[in-house]
Amino acid sequence: MPENNIIPVIVVFGPTAVGKTDFLLNLSKISEIINTDSLQVYKYMDIGTAKPDKETISRVKHHLIDFLDPSEEFNAGNFVNKADNLCADIFSRGKIPVISGGNAFFLINFIKGLPETPKGNLLIRKKIEERLKNEGIEKLAQELEKIDTQYFSKISSNDSYRITRALEIYYATGRTVSSFKIPESPRKCYNFFLIGLIRERDELYERINRRVDLMFDNGLHEEFLKLRKRGYGLSDPGMSGIGYKEFFELEKNSGISLDNIKELIKQNTRHYAKRQVTFFKKIDNVIWENPDNSAAILDKAGEFLKQYGKSL
RNA sequence: GCCGCUUUAGCUCAGACGGUAGAGCAGAGGACUGAAAAUCCUCGUGUCCGCAGUUCGAUUCUGCGAGGCGGCA
């Protein structure tokens, strides 16, 4: 018997369009799903985020999906805290929590726990972004180099995103990024079972292209227009997602066609999938498998579940 | 049939008084300290369409072929 204060968690991850949603149905009897796709959290954004359909949702309970306004931010800290609560809750109700999605950053933070680094300080960040605009990246890079040489040496001097955040942390706390520890091993409060879904690159890209075509057939452009009507713009966190941000090109540049947008979305999605795979490869003790070969995974999952008196 | 333009990396194209070539995109690999579908880093040998000529040396010049595009018939 496992220790009773350690919660089992099945984690199912993989690049976009690999087939996670379909695979999860195999676990529907014993589980509830905690979503870790950073855009499926948003309301009104269904087609472009490839949210699971009604039928799927009716078969397994899904959490952290379709609950936030696109203007609201949802960060790694929000995710980890909510997921922690949900895991305890789901397990106490006799189900196995399954965390599934494509956001590797959130996932790693969940598995290892959040770094000590403080959460974002929007006010200070705004000021630094202002300076970035006025003074340029070189200036801020030089500043960070003096403040935190160690961290600066690990990032690119062009990485405006990380330079901004590092300065934000410094001006908010008086401490450098590298003075905060990042956890190095999985948290002991969970018994993880990690499933990594993967396909041949060609096949994955094929699926991505097909899925984007389908999204357009299902009214992705109309969905975007509705979001615009509701008043959401490029600065809203939800609208920065692939499948949405590209449509703003139509407003900016009259020479561009809907077909161009479609190709752009496919391209951005392929790039994203590649980045996801790179990130996922860092996770240890993963059972990697093509979802077409789900039987092999389910065998092992069955073993894992047996210790909790469950079977698939 | 004639005239003109064109043929260089998977694609679009640069380029060199003749010394075997380089961008963008695609593609590959990587990073990732509470914004992450974000942000960023690294990676380019290819019969320079073919053959012949000139030359120490031609992908670059000349001639002849072949493909493509356009115009005139």
Side-chain angles (χ1 to χ4, degrees), chain A residues 15-17 35-42 45 48-51 70-84 101-110 112-126 128-129 132 137 141 144 148 150-170 172-173 175-184 201-202 204-205 208-209 211-212 215 234-246 260 263-283:
Chain A
T16 187
N35 166 61
T36 174
D37 266 328
S38 42
L39 286 170
Q40 289 185 2
V41 297
Y42 292 115
M45 306 178 69
T49 63
K51 268 183 208 159
S71 63
E72 292 180 85
E73 186 184 293
F74 189 67
N75 61 40
N78 299 142
F79 172 73
V80 173
N81 294 143
K82 283 187 193 296
D84 280 343
N103 189 316
F105 183 62
F106 285 11
L107 213 54
I108 285 175
N109 276 103
F110 177 79
K112 298 186 174 178
L114 289 168
E116 294 172 351
T117 328
K119 65 180 171 191
N121 184 319
L122 280 291
L123 209 71
I124 293 178
R125 184 181 301 167
K126 265 242 162 66
I128 294 167
E129 280 170 347
L132 179 64
I137 181 72
L144 179 64
D148 191 350
Q150 194 186 338
Y151 185 64
F152 184 76
S153 70
K154 281 168 54 177
I155 64 174
S156 158
S157 51
N158 288 325
D159 195 338
S160 56
Y161 193 89
R162 291 196 169 71
I163 289 173
T164 304
R165 166 103 253 254
L167 290 174
E168 171 200 323
I169 290 172
Y170 180 71
T173 66
R175 288 178 57 184
T176 62
V177 174
S178 48
S179 74
F180 293 98
K181 294 266 176 303
I182 358 172
E184 279 163 16
R201 196 59 61 85
D202 291 357
L204 185 64
Y205 286 1
I208 287 171
N209 294 342
R211 191 166 77 172
V212 173
M215 285 176 177
L234 204 46
S235 59
D236 288 302
M239 296 296 264
S240 65
I242 296 167
Y244 298 93
K245 64 176 176 191
E246 291 85 357
N260 295 144
E263 290 312 307
L264 194 60
I265 291 174
K266 288 178 183 174
Q267 188 179 107
N268 285 338
T269 309
R270 277 183 254 128
H271 288 333
Y272 173 55
K274 188 161 145 44
R275 268 178 279 137
Q276 285 178 297
V277 172
T278 302
F279 213 152
F280 286 136
K281 281 195 244 174
K282 282 176 47 147
I283 304 176

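Source: prediction; values computed, not measured. Just so it is clear: chains get the letters A, B, ... in the order the sequence lines come, proteins before strands, and each one is counted from 1.
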Ring centroids of A/Phe279 and B/C32 base under 5.5 Å with planes under 30°:
yes
Need one value for A/Lys266: base, sugar-phosphate or nothing, where a base atom within 4.0 Å counts as base even if backbone is also close, heavy atoms only.
nothing
Phosphate OP1/OP2 of B/G27 contacted by A/Arg270 side-chain N/O (<4.0 Å)
yes
Look at the side-chain N and O atoms of A/Gln267 and state whether any lies under 4.0 Å from the OP1 or OP2 oxygen of B/A26.
yes
Touch class at under 4.0 angstrom, heavy-atom based, for A/Asn78 against every strand present
base
Answer with base, sugar-phosphate or nothing: what part of the nucleic acid does A/Ile169 contact at a heavy-atom distance below 4.0 Å?
sugar-phosphate
Sequence neighbours left out, what pairs pass salt bridge (Lys or Arg N to Asp or Glu O under 4.0 Å) with at least one residue falling in residues 115-125 of chain A?
A/Arg125-A/Glu168
By side-chain hydrogen bond (donor to acceptor under 3.5 Å, both in side chains), A/Lys266 pairs with (sequence neighbours left out) A/Asp213, A/Glu263
Quick one: A/Tyr272 OH to B/U39 C1', roughly how many Å, whole number?
13 Å
Protein-nucleotide distance (A/Asp159, atom CG; B/G30, atom P), rounded to Å:
18 Å
Hey, is the side chain of A/Lys274 pairing donor to acceptor with the base of B/G27 inside 3.5 Å?
no
Under 4.0 Å, counting only non-hydrogen atoms across every strand here, what does A/Phe74 touch: a base, just sugar-phosphate, or nothing?
sugar-phosphate
Check the distance between B/U33's P and A/Asn121's CG and give it to me in whole angstrom.
18 Å
Sugar-phosphate only, base, or nothing, as touched by A/Thr269 at under 4.0 Å among non-hydrogen atoms
nothing
Pick base, sugar-phosphate or nothing for A/Tyr244, based on heavy-atom distances below 4.0 Å to the nucleic acid.
nothing
Using the C1' atoms only, state how far B/A73 lies from B/G22, rounded to an integer number of Å.
42 Å
Using a cut-off of 4.0 Å on non-hydrogen atoms, how would the nucleic acid contact of A/Ser178 be classed: base, sugar-phosphate, or nothing?
base
Atom CZ of A/Phe105 and atom P of B/U33 are separated, to the nearest Å, by 6 Å
If you compare every side-chain N and O of A/Thr117 against the phosphate oxygens of B/G34 (OP1, OP2), does one of them come in below 4.0 Å?
yes
Donor + acceptor pair across side chains of A/Thr117, A/Arg165 (<3.5 Å):
no
Quick one: label A/Tyr205 by what it contacts on the DNA or RNA (base, sugar-phosphate, nothing), any heavy atom closer than 4.0 Å.
sugar-phosphate
Gap between atoms CD1 and P, on A/Ile163 and B/C32 respectively (whole Å)
16 Å
With a 3.5 Å cut-off and just heavy-atom distances, do the side chain of A/Arg162 and the base of B/A38 make a donor-acceptor pair?
yes
When all nucleic acid strands are considered with a 4.0 Å heavy-atom cut-off, which category describes A/Asn81: base, sugar-phosphate, or nothing?
base
Of the nucleotides B/G27, B/U39, B/U33, which one has an atom closest to the side chain of A/Lys154?
B/U33
Can you check whether A/Tyr151 has a side-chain N or O nearer than 4.0 Å to OP1 or OP2 of B/U33?
yes
Between B/A26 and B/A36 - P atom distance, rounded Å
24 Å
Tell me which nucleotide among B/C40, B/A35, B/G34 gets nearest to the side chain of A/Arg275.
B/C40
Select base, sugar-phosphate, or nothing to describe what A/Gly48 touches, counting heavy atoms under 4.0 Å on all strands.
base
Calculate the interatomic distance between A/Lys281 atom NZ and B/G30 atom C1'; express it in whole Å.
9 Å
Quick one: on RNA chain B, does A/Asn103 or A/Thr278 contact a more 5' nucleotide (nearest heavy atom)?
A/Thr278
RNA chain B nearest-nucleotide lookup for A/Gln150 and A/Asn158: closer to the 5′ end is A/Gln150
Is any side-chain nitrogen or oxygen of A/Arg201 closer than 4.0 Å to OP1 or OP2 of B/G29?
yes
